[in-house]
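Numbers restart at 1 for each chain; the letters A, B, ... are given by sequence-line order, proteins then strands.
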2 protein chains.
Amino acid sequence: MSDSEKDRSTEEKIKDAARVVFHKKGFAATRTRDIAEEAGLNLALLNYYFRSKEKLFDIIMLETMMGFMGAMMFVFNDEGSSFEEKVEKTVSSYIDLFIKEPQIPLFIMNELQRNPEGLAGKLNIKSVLLNSVFARQYQEVMNRRGGEPLHIMQFVMSLMGLLVFPFMGRPMLKIIGDLNDEKFVTMMKERKKLVPVWIEAILSAG
Amino acid sequence: MSDSEKDRSTEEKIKDAARVVFHKKGFAATRTRDIAEEAGLNLALLNYYFRSKEKLFDIIMLETMMGFMGAMMFVFNDEGSSFEEKVEKTVSSYIDLFIKEPQIPLFIMNELQRNPEGLAGKLNIKSVLLNSVFARQYQEVMNRRGGEPLHIMQFVMSLMGLLVFPFMGRPMLKIIGDLNDEKFVTMMKERKKLVPVWIEAILSAG
DNA sequence: ATATTTTTTAATCATTTGATTAAATCACTT
DNA sequence: AAGTGATTTAATCAAATGATTAAAAAATAT
């Protein structure tokens, strides 16, 4: 049978190892032998359980994208919170996520650019933003504010830029800013308070 | 002889092709045969002129980093311009650069994260920011503003986030925002005006 | 306990890929 | 035109890599 305790254990070991290595090196630079070694398992088991490197990668990519977009979807479609509360919650959730798993943003953006037709591109994430409660509340904020309206994607690009760029640029930022890991993480935690204030300032600036 | 018209021409053809392919696919996913094909040249010529894939990559990486950091260094150390003028000039230069070569940010951040010890990491870019005229002027702005001072790296992360993230996240942003290439470029041009205003707002927000 | 099925392993395969080589071609000098 | 050195080409090599196989080991069923 295919659901014994040991089964699941081996399968999970492979997935965990694959996640670590794929996130760190990306698809192309990852060798199946790296994953087997990371998992402490025989190389042939990868093919036994997942058929091919591509299939294994697709599973990891799917789960990673789900984790990434899922956090957003949950917050963006909550009817009970205000626009400002959603911004705060988004910022806080993503910073926590990226402190734990710093490679996720670069991994996703990279694989998506290198292979836009791949699994990640096929996922239906079109409606996640534009049909969300958050998008509706954004329009309300725009109407209330008056002046030249700002395209929601200009806003989202800025929010995400403030939020995820530090993690994508981390190696460079650490060099030019002379930061160690501890200092970097401290600054990221500071940004939980800073970014929402800045977002407010950006929206008021018109 | 090593400087004939044909010499330089072949060498340049290889470098141009290598730049295109490395920028698009990254080091690991690039096959030397891809570069040879892109250049329309025999595969052996890559090794004849550049010894190895690694050496060719190092040259492209060096030139790319120079182009990327050079634009910044030039603006950041101009004694004749104000802080605000430097922000405007930086935003404008980088947006123009990335509209022409959209893969540069992801390429650099990626290779830097995957191989921090590599050539790019060895470059002396430590002083580019912290010892610049721009950094001094930033401190003046902070003193003038009063309130809780903001670490210059928090500021730089935000400036770069607003500036370069849209290009790194382009494939995802195009999907979730339902944007075509033309619309995307239009929005990037709009950001030349928007980002400096937002930076002003961020600094005033304290 | 024995038989059967599932899982794991070591060995091996076939292809890809970076690099080299020896011969052919080209450019330039005398 | 012949000679010389530089450049280009086709063929090939060796190592790396994703995948498979047959046998061994382990788990489960009878």
Would you tabulate the nitrogen or oxygen pairs shorter than 3.5 Å linking the protein to nucleotides 15-18 of chain D?
from, atom 1, to, atom 2, distance (Å)
dT17(D), OP2, Arg31(A), NH1, 2.7
dG18(D), OP1, Thr30(A), O, 3.4
dG18(D), OP1, Lys53(A), NZ, 3.3
dG18(D), OP2, Thr32(A), N, 2.7
dG18(D), OP2, Thr32(A), OG1, 2.8
dG18(D), N7, Arg33(A), NH1, 2.8
dG18(D), O6, Arg33(A), NH2, 3.3

Practice task
Could you pull out all residues at least two apart from Phe98(A) that satisfy ring-ring contact (aromatic ring centres under 6.0 Å, His included)?
Solution key: Tyr94(A), Phe167(A)
My understanding is that only residues two or more places apart in sequence, or in another chain, count here; which of them pass side chain to side chain donor-acceptor pair (under 3.5 Å) with [X]?
X         : result
Ser93(A)  : Lys89(A)
Asp58(B)  : none
Ser82(A)  : Glu85(A)
Asp178(A) : none

Please report the distance, rounded to the nearest Å, between [atom1] in [X] and [atom2] in [N].
X        : N       : atom1 : atom2 : value
Asn42(B) : dA24(C) : CG    : C1'   : 12 Å
Asp34(B) : dA19(C) : CG    : P     : 14 Å
Phe57(B) : dG18(C) : CZ    : C1'   : 16 Å
Leu45(A) : dA25(D) : CG    : P     : 16 Å

Exercise for the section: Look at Thr10(B) and dT8(D) and indicate whether a side-chain polar atom (N or O) is within less than 4.0 Å of OP1 or OP2. Expected result: yes
Practice task
Would you tell me if any nitrogen or oxygen in the side chain of Tyr49(A) comes within less than 4.0 Å of OP1 or OP2 on dT8(C)?
Solution key: yes
Practice task
Scan residues 157-167 of chain A for pairs that pass side chain to side chain donor-acceptor pair (under 3.5 Å), counting only residues two or more places apart or in two chains.
Solution key: Ser158(A)-Arg191(B)
Handout entry: Residues which pass side-chain contact (heavy atoms from CB on, under 4.5 Å) with Ile14(B), listed by chain and number, not counting sequence neighbours
Key = Thr10(B), Leu41(B), Leu45(B), Leu46(B), Tyr49(B), Phe50(B), Leu56(B)
Handout entry: side-chain contact (heavy atoms from CB on, under 4.5 Å) involving Gln137(B) - partner list, sequence neighbours excluded
Key = Phe83(B), Lys86(B), Val133(B), Glu140(B)
Handout entry: Residues within residues 110-117 of chain B bordering DNA chain D, heavy-atom distance below 4.0 Å
Key = none
Practice task
For DNA chain D, find the residues of residues 17-26 of chain B with a heavy-atom distance under 4.0 Å and give them by number; none if there aren't any.
Solution key: none
Handout entry: Near-ring test Phe107(A)/Phe22(A), centroid separation under 6.0 angstrom
Key = no
Fill in the blank from the handout: Applying salt bridge (charged side-chain N to carboxylate O under 4.0 Å, His left out) to Asp78(B) and not counting sequence neighbours gives none
